[in-house]
2 protein chains.
Amino acid sequence: MPNAFDNHDHSHCATTGLAQAETILAARNQRLTPVRRETLRILLSEHRALGAYDVLERLADAGFGKQPPVAYRALEFLVDQGFAHKITRLNAFAACMHPDTDHAPVFLICRICHALAETAATPVRTALNATAHAVGFTVERSSIEAVGRCPNCKDAA
Amino acid sequence: MPNAFDNHDHSHCATTGLAQAETILAARNQRLTPVRRETLRILLSEHRALGAYDVLERLADAGFGKQPPVAYRALEFLVDQGFAHKITRLNAFAACMHPDTDHAPVFLICRICHALAETAATPVRTALNATAHAVGFTVERSSIEAVGRCPNCKDAA
DNA sequence: TAGAATACGTTATGATATAACATGTCAACA
DNA sequence: TGTTGACATGTTATATCATAACGTATTCTA
């Protein structure tokens, strides 16, 4: 599976992502309405996080409503259904790169080019659960977000 | 070392925290001015995260300025110097419980009572670095925040 | 003590997010 | 097949979080 830092056929990401969403949502009897579909397409079109107001602007350009709740509601739906994530450090949203598998992902955010990768969380999550367990805490949800330099920007300041 | 979920002599947290800050800042030639001191005292007075406007209100009550930059600047200073952390998931700030040691902490946020604990990060950070390294990413800073139930609230909904 | 650096206070504005309510769409079924 | 109820979309208005820009005061240091 490619990640955001590889060169890859990016058009593939969007078509695959939309197709996956269609299938999964149909199975759940949930509707991928036009606004929701366009919102997901917008997020899939970049391997970076977009602010709700960026998404809103693009939705408005595509003929949908111009007011914040339009974007926030579509984003909330996609997050609830596992097709997008909120990156709390950035107050921004990104398409999920593997809605079919394991969740509680780790996000790697490039400080230079703003690329965003979503990586395998298992070992990190295991460590987090152990740490929490040691003080009697039960983890329900977690955000693990790292800022740094991606391989393409590793020599930059 | 007690954590937020233990019963402990809480007045101790504030006095120790302030004393530590005095000592460490003096050694760095940094000034713990009255606003900064009061801000730290406010954060230390609770084992939970406070929003900047909550802090601001208490600062105003204590006779300091009433405008947002007053709180944000003091908080920024404390974060820079390692005496407070921003909890991005909550858009809120909390006193650091061990400004003297290892950083890049893990935060455990109780969904029920809003208590906040800052725990040993080493194993989680190790796992995160390994995960990042596998895709060629260099971690510079990270936030690891878990929401769930603390031992005192584990039987609640 | 003059000048530079730092800190504090204010006004104003920007950025992110949601409450509340009206209108529109669609599927189930009486 | 028309009504109903659930869900979705759109709007207005407002809440919440954060910073830019500028003037004044304090502190440090030469």
Side-chain angles (χ1 to χ4, degrees), chain A residues 21-22 25-26 28-43 48-81 83-94 114 143 145, chain B residues 21-22 25-43 48-81 83-94 109 114 143 145:
Chain A
E22 301 268 15
L25 287 174
R28 289 182 196 159
N29 280 313
Q30 294 286 334
R31 296 156 59 192
L32 188 63
T33 61
V35 203
R36 291 170 178 175
R37 188 186 166 85
E38 179 63 14
T39 302
L40 180 55
R41 203 194 56 70
I42 289 166
L43 293 181
R48 64 189 187 93
L50 293 176
Y53 281 72
D54 293 330
V55 170
L56 179 59
E57 190 176 342
R58 300 185 194 199
L59 286 173
D61 290 347
F64 298 97
K66 299 181 163 45
Q67 305 305 323
V70 173
Y72 280 102
R73 283 193 293 232
L75 289 166
E76 181 185 32
F77 173 84
L78 294 173
V79 169
D80 285 349
Q81 297 292 326
F83 300 108
H85 295 288
K86 177 162 190 179
I87 314 301
T88 68
R89 226 179 144 106
L90 302 176
N91 294 318
F93 298 83
H114 304 113
S143 357
E145 301 170 4
Chain B
E22 302 267 16
L25 287 174
R28 288 181 196 160
N29 280 312
Q30 294 286 335
R31 293 157 60 193
L32 188 64
T33 61
V35 203
R36 290 170 178 173
R37 187 186 166 86
E38 179 64 13
T39 302
L40 180 55
R41 202 195 57 71
I42 289 165
L43 293 181
R48 64 187 187 96
L50 293 176
Y53 281 70
D54 293 331
V55 171
L56 178 58
E57 190 176 341
R58 301 186 193 197
L59 286 174
D61 290 348
F64 298 98
K66 299 180 163 45
Q67 305 305 322
V70 172
Y72 280 103
R73 282 194 294 232
L75 290 165
E76 181 185 32
F77 172 84
L78 294 173
V79 170
D80 285 350
Q81 297 293 326
F83 300 108
H85 295 288
K86 177 162 190 178
I87 313 303
T88 69
R89 231 182 139 105
L90 302 176
N91 293 321
F93 299 82
I109 306 160
H114 304 113
S143 359
E145 300 170 5

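Letters A, B, ... mirror the listed sequences (proteins, then strands); counts begin at 1. These numbers come from the heavy atoms of this one structure, side chains and all, not from hydrogens, waters or symmetry mates.
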Most 5' of B/R31 and A/T33 on DNA chain D, judged by nearest nucleotide: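 Final value for this comparison: A/T33.
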A/P34 or A/P68, whichever maps to the more 5' nucleotide of DNA chain D: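 Result: A/P34.
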Whole-Å distance separating the [atom1] atom of [X] from the [atom2] atom of [N]:
| X | N | atom1 | atom2 | value |
| --- | --- | --- | --- | --- |
| B/L50 | D/dT16 | CG | C1' | 16 Å |
| B/Y72 | D/dA21 | OH | P | 18 Å |
| B/Q30 | C/dA7 | CD | C1' | 12 Å |
| A/R37 | D/dT9 | CZ | P | 14 Å |
| B/L56 | D/dC17 | CG | P | 12 Å |
| B/F77 | C/dC8 | CZ | C1' | 14 Å |
| B/L32 | C/dA7 | CG | C1' | 13 Å |
| B/R36 | C/dT6 | CZ | P | 11 Å |

B/G65 or A/L90, whichever maps to the more 5' nucleotide of DNA chain C: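 The residue whose closest nucleotide sits nearer the 5' end is B/G65.
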Comparing A/R73 and B/G63 on DNA chain C - which has the more 5′ nearest nucleotide: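 Nearest-nucleotide comparison on DNA chain C picks B/G63.
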N-O pairing of B/R73 and B/E76 below 4.0 Å: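 Salt bridge absent between B/R73 and B/E76.
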Nucleotide nearest [X] (side chain, heavy atoms from C-beta), chosen from [options]:
| X | options | answer |
| --- | --- | --- |
| A/P69 | C/dA17, C/dT18, C/dG9 | C/dT18 |
| A/K86 | D/dC17, C/dA17, C/dT10 | C/dA17 |
| B/Q67 | D/dT12, C/dT10, C/dC8 | C/dT10 |

4.5 Å side-chain heavy-atom contact, A/L50 and A/R48: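 Yes, close enough: below the 4.5 Å cut-off.
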B/R89 side chain vs B/I109 backbone, donor-acceptor pair below 3.5 Å: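 No: the side chain of B/R89 does not pair with the backbone of B/I109.
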Residue-phosphate contact under 4.0 Å: B/N91 side-chain N/O, D/dA18 OP1/OP2: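 The answer is yes; a side-chain N or O of B/N91 sits under 4.0 Å from OP1 or OP2.
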B/Y53 vs D/dC17: side-chain N/O to OP1/OP2 distance below 4.0 Å: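 Indeed not, no polar side-chain atom of B/Y53 lies that close.
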Criterion side chain to side chain contact (heavy atoms under 4.5 Å, CB included) on A/F77 and A/T39, from CA distance to verdict: CA-CA 10 Å; A/F77 173 84; A/T39 302; over 6 Å; no
Which pairs of donor and acceptor atoms, one on a side chain in residues 56-63 of chain B, lie under 3.5 Å apart (sequence neighbours left out)?
residue: B/R58; atom: NH1; partner: B/E46; partner atom: OE2; Å: 2.8
residue: B/R58; atom: NH2; partner: B/E46; partner atom: OE2; Å: 3.1

